[in-house]
Amino acid sequence: MAPDLAGQLETYVQLGARFISHAAELAAALIIAAAVAEALWRALLVFARRDRADDERKENLRLGLGRWLAVSLEFLLAADILLTAIAPSWDDIGKLGAIALIRTALNYFLQKETEAQAGRLDKAQGTGRAG
């Protein structure tokens with residue numbers, strides 16, 4: 001009876017892991033959908049109010065969308081880690097490595113751009129006060 005109980009427990013763990021993984025994938029899809037809707041709305045506002053701050057608004061829009069995409073990649077990475085933990089195959093491990101690499105690269109470059117934008121804003125505010 002103990003081997004049968006272990007088999008049932010393994011089945012329940014796998015089902016639970018698959019459910020959580022699918023929930024994380026759904027969360028990622030919802031985040032992407034909301035981010036795209038927000039970015040579209042903000043883009044329409046930029047087009048409607050054309051002024052000298054257009055470039056800054058576009059940059060903020062682009063970086064904001066990138067941040068949300070990075071969040072969604074975190075959810076997808078969590079889902080893949082969970083699935084790989086319960087049924088690892090070389091294909092799953094390869095996908096996990098690719099997603100981790102993409103997420104890391106995206107976060108690295110996004111952080112660099114965010115820091116550069118903050119530096120530009122600080123510089124612009126500093127020159128605005130001096131003048």
Side-chain angles (χ1 to χ4, degrees):
M1 192 164 217
D4 187 48
L5 182 62
Q8 286 180 338
L9 183 59
E10 182 178 341
T11 300
Y12 290 136
V13 168
Q14 287 181 354
L15 285 173
R18 288 190 205 303
F19 175 78
I20 294 168
S21 173
H22 291 312
E25 289 172 341
L26 177 62
L30 292 173
I31 289 168
I32 291 170
V36 167
E38 178 190 13
L40 179 60
W41 175 252
R42 290 176 62 194
L44 290 173
L45 291 176
V46 168
F47 285 123
R49 296 186 233 149
R50 294 189 184 239
D51 59 14
R52 55 189 155 91
D54 266 358
D55 290 339
E56 185 179 329
R57 284 193 185 115
K58 288 177 194 172
E59 187 70 12
N60 287 336
L61 191 154
R62 191 177 70 78
L63 290 175
L65 180 59
R67 286 185 195 104
W68 281 117
L69 292 177
V71 170
S72 68
L73 279 175
E74 295 287 347
F75 277 93
L76 292 173
L77 181 63
D80 286 338
I81 288 171
L82 194 55
L83 288 179
T84 301
I86 62 167
S89 70
W90 285 110
D91 186 50
D92 292 335
I93 292 170
K95 285 180 192 175
L96 181 62
I99 290 172
L101 182 66
I102 290 168
R103 181 196 61 81
T104 302
L106 176 64
N107 283 340
Y108 173 79
F109 290 112
L110 187 61
Q111 183 65 32
K112 289 291 183 188
E113 287 190 45
T114 302
E115 289 170 2
Q117 183 184 25
R120 287 191 302 271
L121 288 175
D122 287 346
K123 188 176 178 181
Q125 288 174 352
T127 57
R129 282 185 225 143

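Numbering of residues begins at 1 and proceeds along the displayed sequence.
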Atom of [X], atom of [Y] and distance for their closest heavy-atom approach:
X: Ala70; Y: Asn107; result: CB-OD1, 3.1 Å
X: Arg18; Y: Ile86; result: NH1-CD1, 3.9 Å
X: Ser72; Y: Ile32; result: OG-CG1, 3.4 Å
X: Arg57; Y: Arg49; result: NH1-O, 3.7 Å
X: Ala39; Y: Leu61; result: O-CD1, 3.5 Å
X: Leu110; Y: Leu63; result: CD1-CD2, 3.7 Å

Same apolar cluster (I L V M F W Y, side chains within < 4.5 Å links), [X]/[Y]:
X: Leu96; Y: Leu76; answer: no
X: Trp68; Y: Phe75; answer: yes
X: Phe19; Y: Leu83; answer: no
X: Val71; Y: Leu77; answer: no

Give, for atom [atom1] of [X] and atom [atom2] of [Y], the distance between the pair rounded to the nearest 0.5 Å.
X: Asp80; Y: Ser21; atom1: CG; atom2: OG; result: 6.5 Å
X: Leu40; Y: Leu45; atom1: CG; atom2: CG; result: 9.5 Å
X: Tyr12; Y: Leu15; atom1: OH; atom2: CG; result: 8.5 Å
X: Leu9; Y: Gln14; atom1: CG; atom2: CD; result: 10.5 Å
X: Leu26; Y: Ile31; atom1: CG; atom2: CD1; result: 9.5 Å

Open item on the list: Under the rule for salt bridge (charged side-chain N to carboxylate O under 4.0 Å, His left out), what residues qualify as partners of Glu25, not counting sequence neighbours?
Closed with: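 Partners of Glu25 under the salt bridge (charged side-chain N to carboxylate O under 4.0 Å, His left out) test: none.
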- [ ] Mind running side-chain contact (heavy atoms from CB on, under 4.5 Å) on Arg62 and Lys58 for me, showing each step along the way?
- [x] CA-CA 6 Å; Arg62 191 177 70 78; Lys58 288 177 194 172; over 6 Å; no
